[in-house]
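Just below is one structure, and these are the notes that go with it.
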Amino acid sequence: MPAVSVRGLVRSYGSVRAVDGVSFEVEAGEVFALLGPNGAGKTTTIEILEGFRGRDAGDVRVLGIDPGDRRSGQQLRSQLGVVLQELAVEPFLSVRQVLRRNAGYYPAPRGVDEVIGLIGLEEKADAKVKTLSGGQQRRLDVGLGIVGNPALLFLDEPTTGLDPAGRRTSWELVRKLASEGTTVMLTTHYMDEAEALADQVAIIASGRIVAQGPPASLGGRDQGAATIRFRLPDGVTLPDLPAEVTANEQSVQLRTDRELELLYELSRWALEHDVRISGLTVSRHTLEDVYLQLTGGDAERFQSESTAGEPAPA
Amino acid sequence: MSAGSEPIVAPRSALGELRLVLRQVGYEQLTFWLNPVGAIFTVGFSVLFVVMLGASAGSSRVSYLHNVKLVQYYVPGFIAYGVMSAAFNNLAISVVIRRESGLLKRLRLSPLPTWTLLSSILLSTLLIAFAQVVLLLAVGRWAFGVHPPAGASGIAALIVVLVLGGLSFAALGIAMSTLIPNQQAAGPLTSTVFFVLLFLSGLWFPLKSGSTLAKISTFFPIRHFITAVFRTFSHPGASAWAGSDLLIVVIWGAVAAAVALRRFQWAPLRT
């Protein structure tokens with residue numbers, strides 16, 4: 001049984017379809033990222049799964065429970081961990097007091113000291129929350145999300161506003177939880193975050209899923225043309241090569257779908273003519289290329305051409 | 001509907017439910033008292049008012065109110081004020097702050113049952129009010145010689161009036177919170193409404209019946225609540241009950257509860 005299963009989910013605000021026919025599944029034990037620009041429908045989708053918001057249409061199961069069914073709400077919430085987009089921590093209680101209070105809401109919570117260790121706040125355990133730095137408060141927020149020992153953890157933009165070190169710490173924590181078997185569903189608008197953490201990524205734009213798959217092959221980025229970049233010494237011109245060549249002051253770029261042969265040609269030419277080639281890279285689409293292509297100006301076209309929610313080649 | 005998953009939350013026993021409520025009341029109290037500015041502002045004000053007004057009133061009497069000494073009006077008056085400031089003013093502001101900072105939403109997403117949270121907040125509010133009442137009774141008795149209601153029926157009347165009044169004004173406070181758009185507006189809006197109505201209701205100067213202010217204040221619950229508390233002090237025995245005044249307060253509370261239930265929001269309004 002998947003941890004989360006969503007079929008044809010629709011939610012409108014007035015005449016705006018914030019979520020417009022979204023379907024996906026999150027397998028148990030997986031880290032699943034919902035990636036998209038602001039206003040794409042990420043938070044609305046998450047809030048429907050949490051049972052906080054109702055839906056207009058579609059079939060939703062979270063841990064086998066329909067989150068729209070109020071009677072099983074408490075049973076569902078006792079197995080969920082939630083970290084909201086906004087920081088929400090009592091300012092006047094200590095770290096330990098807040099964690100102990102919330103632990104008591106759950107049937108089988110983690111130990112408070114264990115959580116304090118996991119979020120790395122041992123030194124601040126008895127400090128009032130309002131004396132913590134923004135990053136430390138954010139970590140406490142995550143601690144409140146996991147204190148109930150959830151089977152499924154929702155992280156709504158967990159690293160927005162954190163410095164690079166804080167992001168790395170949060171990523172480590174997510175990986176650790178995932179390795180212990182917690183299913184994690186996160187939203188983010190950071191490409192590198194989705195790439196670093198997620199087993200599966202769904203890109204959402206204007207309420208529709210426009211691509212879905214493992215981050216390495218999302219949008220077919222493991223196939224198709226590659227880009228070879230390098231620098232040439234001044235005054236040297238390339239011979240004719242079977243590729244689309246563009247050059248600017250910093251580098252030369254060759255686009256090709258036969259990169260191995262092209263590299264061979266390039267190397268042979270360089271060695272024969274004793275040309276020094278520097279800064280050589282070979283890359284395919286970055287996730288950012290895919291994302292911008294799918295959510296940016298081209299998103300409309302892409303949506304009309306492809307069936308929304310069609311899975312990308314795995 | 002949820003076939004395939006066994007309920008892992010066993011229904012709690014009544015004792016377990018009660019323990020959960022008391023536990024939450026404890027944390028509500030901790031949260032209130034650990035915020036020194038809020039605690040002093042809410043609890044200290046009523047005592048400060050009584051000391052200042054009681055001292056400046058000296059031995060002056062109110063000819064149109066059974067010719068009682070002014071301080072004999074102020075002590076029950078500010079007991080009513082203390083209950084209202086905890087239940088209306090403080091509760092309205094703190095609900096807005098908790099809602100807008102996402103604390104209510106987070107609680108809503110935890111398995112803590114809504115009714116447990118609500119009853120804990122109400123109980124905690126009554127406790128804060130009760131702390132002020134005890135302080136004011138002591139100050140009134142020992143500093144100004146104002147005797148608290150005596151006898152079983154007088155004490156019972158005082159307790160019933162304060163509990164029903166406290167719950168009614170708490171409902172008004174929560175209803176008020178639903179009308180406030182953001183944290184910055186919470187203090188100014190609530191306090192303005194509160195203090196204007198307090199003034200109209202004759203908290204600082206007892207109103208002459210038949211005066212314009214007295215007629216205006218009849219529409220609002222504050223004067224009726226002050227009158228009901230005052231009566232438990234001034235009328236010993238069975239006549240300590242100001243039934244119609246208390247009824248009007250409770251009707252206001254019931255209407256407010258209906259508004260609160262209809263309009264209450266868990267998530268910040270700004271998003």
Side-chain angles (χ1 to χ4, degrees), chain A residues 1 3 43-44 46-47 49-53 61-94 97-98 100-109 128-130 141 144-145 147-151 154 156, chain B residues 1-12 16-17 19-40 94 97-117 120-121 124 182-183 265-271:
Chain A
M1 181 185 73
T43 299
T44 299
I46 289 264
E47 285 182 345
L49 300 187
E50 291 164 351
F52 189 76
R53 209 173 274 289
R61 289 288 179 280
V62 178
L63 302 173
I65 296 170
D66 178 354
D69 182 5
R70 299 183 74 89
R71 289 165 301 174
S72 44
Q74 202 194 338
Q75 186 196 340
L76 177 62
R77 289 194 300 273
S78 66
Q79 302 175 71
L80 294 185
V82 175
V83 179
L84 302 172
Q85 225 174 87
E86 317 88 11
L87 205 66
V89 199
E90 299 279 359
F92 293 100
L93 299 182
S94 75
Q97 282 169 334
V98 172
R100 191 177 292 150
R101 181 191 69 180
N102 282 38
Y105 300 157
Y106 295 87
K128 281 195 180 188
V129 170
K130 68 188 176 90
D141 217 23
L144 289 171
V147 74
N149 202 9
F154 289 107
D156 200 359
Chain B
M1 292 220 47
S2 56
S5 69
E6 292 301 308
I8 62 160
V9 186
R12 286 192 186 83
E17 299 272 7
R19 193 177 299 134
L20 198 60
V21 170
L22 293 181
R23 185 176 183 281
Q24 185 64 20
V25 168
Y27 279 107
E28 294 288 328
Q29 287 290 299
L30 202 59
T31 307
F32 176 77
W33 294 103
L34 286 179
N35 175 4
V37 176
I40 290 169
S94 74
I97 291 175
R98 290 171 82 166
R99 182 188 70 212
E100 294 303 312
S101 63
L103 288 166
L104 282 183
K105 184 177 176 185
R106 159 147 254 160
L107 280 168
R108 177 69 160 177
L109 290 169
S110 84
L112 184 72
T114 304
W115 81 266
T116 308
L117 179 65
S120 307
I121 288 175
S124 183
N182 58 56
Q183 288 191 51
Q265 295 279 331
W266 294 86
L269 298 184
R270 62 189 145 77
T271 51

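Order of the sequence lines sets the chain letters (A, B, ...), proteins ahead of strands, with each chain counted from 1.
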Segment of B:R23 engaging chain A (4.5 angstrom heavy-atom cut-off) |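 Contact with chain A: side chain only.
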Part of B:L107 within contact of chain A (heavy atom distance under 4.5 Å) |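 Contact with chain A is through the side chain of B:L107 alone.
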Derivation and outcome, side chain to side chain donor-acceptor pair (under 3.5 Å), residues A:Q97 and B:Y27 = CA-CA 9 Å; A:Q97 282 169 334; B:Y27 279 107; over 6 Å; no
Which one of A:E90, A:K128, A:E47 has the most heavy-atom pairs closer than 4.5 Å to chain B?
->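 With the most close heavy-atom pairs to chain B, the winner is A:E90.
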Heavy-atom contact with chain B under 4.5 Å, split by part of A:V89 =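 A:V89 touches chain B through backbone heavy atoms alone.
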Chain B contact via A:L76 - side chain, backbone, both or neither, heavy atoms under 4.5 Å |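 Looking at A:L76, nothing touches chain B.
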Got a donor-acceptor contact below 3.5 angstrom from the A:R77 side chain to the B:S110 backbone?
->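 Yes; judged by distance alone, with no hydrogens or angles, the pair exists.
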Does some side-chain heavy atom of A:V82 sit less than 4.5 Å from a side-chain heavy atom of B:K105?
->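 No, every pair of side-chain atoms sits at 4.5 Å or beyond.
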Compare every heavy atom of B:P111 with every heavy atom of A:Y105, then report the nearest pair and how far apart it is.
->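 It is O-CG, 3.1 Å.
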Contact winner vs chain A - B:L34, B:T114, B:L30, heavy-atom pairs under 4.5 Å |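 The answer is B:L34.
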